[in-house]
Structure formats: structure tokens, C-alpha cells
Student: 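Here you go, one structure.
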Amino acid sequence: MNKNQIIIKMSGVHFSYSEESPILKDLDFEFFKGDKVGIIAPNGSGKTTLFHLIMGLLKPVSGSVEIFGRSMEAEQDFAGIRHRIGLLFQDADDQLFCPTVLEDVSFGPLNMGKSKKKAIEISKRTLDFLGLSAFENRITFKLSGGEKKLVSLATVLSMEPEVLLLDEPLTGLDIKTQTTITRVLKKMNISYIIISHNIEFLEATTSITLTMHNGKIYTDDQVHVHIHDHAHVHGNVPHKH
Ligand SMILES: Nc1ncnc2c1ncn2[C@@H]1O[C@H](COP(=O)(O)OP(=O)(O)O)[C@@H](O)[C@H]1O
Ligand SMILES: [Mg+2]
């Protein structure tokens, strides 16, 4: 049986922002086409850092990152694959930079060489898909946090990526909008990794939940989170009670 195409392969990745505190330590991770993966782990575990390493926004101190079977080293390696992976930033203000919503959503397709007409057509379709048609001419910086998050998702989807990396997509959204996002994701035939603290959301949208601990990624069967007098992870991770 043919295994699905490998999209992300990280081997022995070390990363730190400063020498004293490594964030990722000897991290291995594989992600295949069709995978729908959830990551749930405490704040500060390195989840966002992981996404930024996959996108080449950060570079590992050591270890290797391969995307779509290609070794990613220089900036131009990432430039060649970035449009195929859509990153929804944890903070929508990192994503949106155009005056109006339609300009922000059509920026990606235009940047990828689509005609203005085609870019606007894709953007309108994407906004419609997310129930955001009425937002086209809204001023981006005046949107609420939740609205910005949704528009950010539109900017990601309008690039028609093959893979989505969603960093806390429900943060700041009301229940109705959270339900919309859940429905939209379930409807999409696309590979994705979702970082979220919402277990029900991950159960509804993903087939496996991973966690991060001590700079590494663990699968369900290695680790599960349980709570008694203190919360910690256990499994194959050595620990004491
Ligand atoms: N730009 C940065 N400079 C220094 N430290 C950072 C920076 N970004 C994140 N960190 C630190 O790295 C750790 C992991 O951060 P992050 O990847 O954002 O975790 P998570 O997304 O799991 O909450 C945290 O302790 C955070 O404070
Ligand atoms: Mg984060």
C-alpha cells in the first residue's frame, strides 16, 4: 500500500530564542497528505514556534526540516513552498495589513500572479464561503478581534493552499462563529494541523491529537493529560508521583 505523500518531516530539531532556554529539543515530527492533526499543549510549550519553523519564519539551531520532500535550508527554499501552506497566525494583527478586507483577502492570490479579476473573484468566493460577504469593504483595523480572526482565515483560504496550519483559530470568536469554523473545516477536503485549547473542537475536526512537552511532540498513545492533585503528562515520559 502506498503511504500518503509526506508533507512535513522534522528530524532532531533544536530551537531556542536565547541560549539559556531551548524551546524545542531534538524534535521529530512527520505529517502526511490527508492528515488532520490537533495539537493541544500548555501556553509556552513551543506550538507557535513549531509552526514558524515549518514556514521558515524561524530557522532551527540544528536538525532538519523537509517540506514536500525537499530539504529546507535557505530562504528561497521556503519561498518556493510557502504559498502551498497557509498559516493562520495566532495574532490576527500579524496577518492583516491592507486598508480593507477585500484588499487583504485578494493580496495572496494577486501576489501569486493571479489577474486582478481572478483574485477578486476568488476573494469574494472565499468571503462568501465564510459568511463574510458583507465585510468586503470594511476597514480592516476597525474590525473586532473575532472578525479579524475570520478575515485572517479568509486571507489564508484565498491562496488555495494544500495544507493549513491554524494557530488557535477559535480564539476571540463567539460560539456561533466557532460553530461556523468547525463546520467549514469539517467540510474542507484539506490536510491541516490545528493548535487549540478546545478539546471538543479538536475532536470534531481532527483524527489525532498531539501534545508538546519538554520541547518534543508526543502522540496520544505516548502521552495523555490527566489531572489529579496536579496536572501533568505521563505515558512513556518518565515521571514520578
Ligand atoms: N520572539 C521571541 N523571543 C523570545 N522568546 C520567545 C519569543 N517567542 C516566543 N518566546 C518564548 O518561547 C516559548 C514558546 O513560545 P510559543 O511557541 O509561542 O509557545 P505556545 O505557542 O505553545 O504558547 C515561550 O516561553 C515564549 O515566551
Ligand atoms: Mg502560541
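This is a predicted model, so every value here is computed, not measured. Whatever order the structure lists ligands and atoms in, that order sets their numbers, starting from 1. Computed over heavy atoms, backbone and side chain alike; hydrogens, waters and symmetry mates excluded.
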Student: Closer than 4.0 Å to some heavy atom of N43 - which atoms of ligand 1 meet that?
Tutor: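 Checking each atom against N43, I get 23 (O).
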Student: Using 30° and 60° as the class boundaries, would you call the ring planes of Y218 and H213 parallel, tilted or perpendicular?
Tutor: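 It falls in the tilted class, 30° to 60°.
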Student: Ignoring angles and geometry beyond distance, decide whether I23 reaches within less than 3.5 Å of ligand 1 through its nitrogen or oxygen atoms.
Tutor: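 So ligand 1 has no N or O lying under 3.5 Å from an N or O of I23.
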Student: Which heavy atom in L150 sits nearest to a heavy atom in L130, and how many Å separate them?
Tutor: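 Shortest heavy-atom contact: O-CD1, 3.9 Å.
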Student: Can you pull out the closest protein heavy atom to atom 9 (C) of ligand 1? Residue, atom name and distance to 0.1 Å, please.
Tutor: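 Here the closest protein heavy atom is Y17 CE1, 3.4 Å.
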Student: Using the ring centroid of each side chain, check whether F89 and F51 are separated by less than 6.0 Å.
Tutor: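 They do not qualify: ring centres at least 6.0 Å apart.
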Student: Does the protein put a heavy atom under 4.0 Å from atom 14 (C) of ligand 1?
Tutor: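 Yes; the ligand atom in question has protein heavy-atom contact below 4.0 Å.
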Student: Going by a strict under-4.0 Å cutoff (protein heavy atoms only), does atom 27 (O) of ligand 1 have a neighbour on the protein?
Tutor: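 So atom 27 (O) of ligand 1 lacks protein heavy-atom neighbours under 4.0 Å.
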Student: Please report which non-hydrogen protein atom sits nearest to atom 24 (C) of ligand 1, along with the residue it belongs to and the distance in Å to one decimal place.
Tutor: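 That would be G44 CA, 3.9 Å.
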Student: Please work out whether any backbone atom (N, CA, C, O) or any side-chain heavy atom from C-beta onward of T48 is under 4.0 Å from ligand 1, and answer side chain, backbone, both or neither.
Tutor: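 The part of T48 near ligand 1 is both the backbone and the side chain.
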Student: How many angstroms lie between atom NZ of K124 and atom OG of S133, to the nearest 0.5 angstrom?
Tutor: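 Output value for this atom pair is 9.0 Å.
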Student: Give a yes/no answer: is there an N/O/S atom of T49 under 2.8 Å from the Mg ion (ligand 2)?
Tutor: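 Under 2.8 Å: T49 has no N, O or S contact with the Mg ion (ligand 2).
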Student: Using distance alone, with no hydrogens and no angle criterion, decide if S71 and E73 have a side-chain donor and acceptor under 3.5 Å apart.
Tutor: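 Their side chains do contain a donor-acceptor pair, which is all the 3.5 Å distance test asks for.
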Student: Hey, is the Mg ion (ligand 2) within less than 2.8 Å of some N/O/S atom on N43?
Tutor: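 So N43 does not count as coordinating the Mg ion (ligand 2).
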Student: Among side-chain atoms of D167 and T48, is any donor-acceptor pair under 3.5 angstrom?
Tutor: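 Indeed, the side chains of D167 and T48 share at least one donor-acceptor pair under 3.5 Å.
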Student: Would you say the side chains of T206 and Y192 form a donor-acceptor pair under 3.5 Å?
Tutor: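 No, because no side-chain N or O of T206 sits under 3.5 Å from a partner of the opposite role on Y192.
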Student: Just to confirm my output: which protein heavy-atom neighbour is closest to atom 22 (O) of ligand 1, and how far is it?
Tutor: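 So the nearest neighbour among protein heavy atoms is K47 NZ, 2.7 Å.
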Student: Give a yes/no on ligand 1: does G46 have at least one heavy atom closer than 4.0 angstrom to it?
Tutor: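 G46: in contact with ligand 1 (<4.0 Å).
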Student: Tell me the protein heavy atom at minimum distance from atom 16 (P) of ligand 1, and give that distance in Å.
Tutor: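 Going by distance alone, atom 16 (P) of ligand 1 is nearest to T49 OG1, 3.6 Å.
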Student: Using a 6.0 Å cut-off, check whether atom NZ of K9 has over 12 heavy atoms from anything other than its own residue.
Tutor: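 No.
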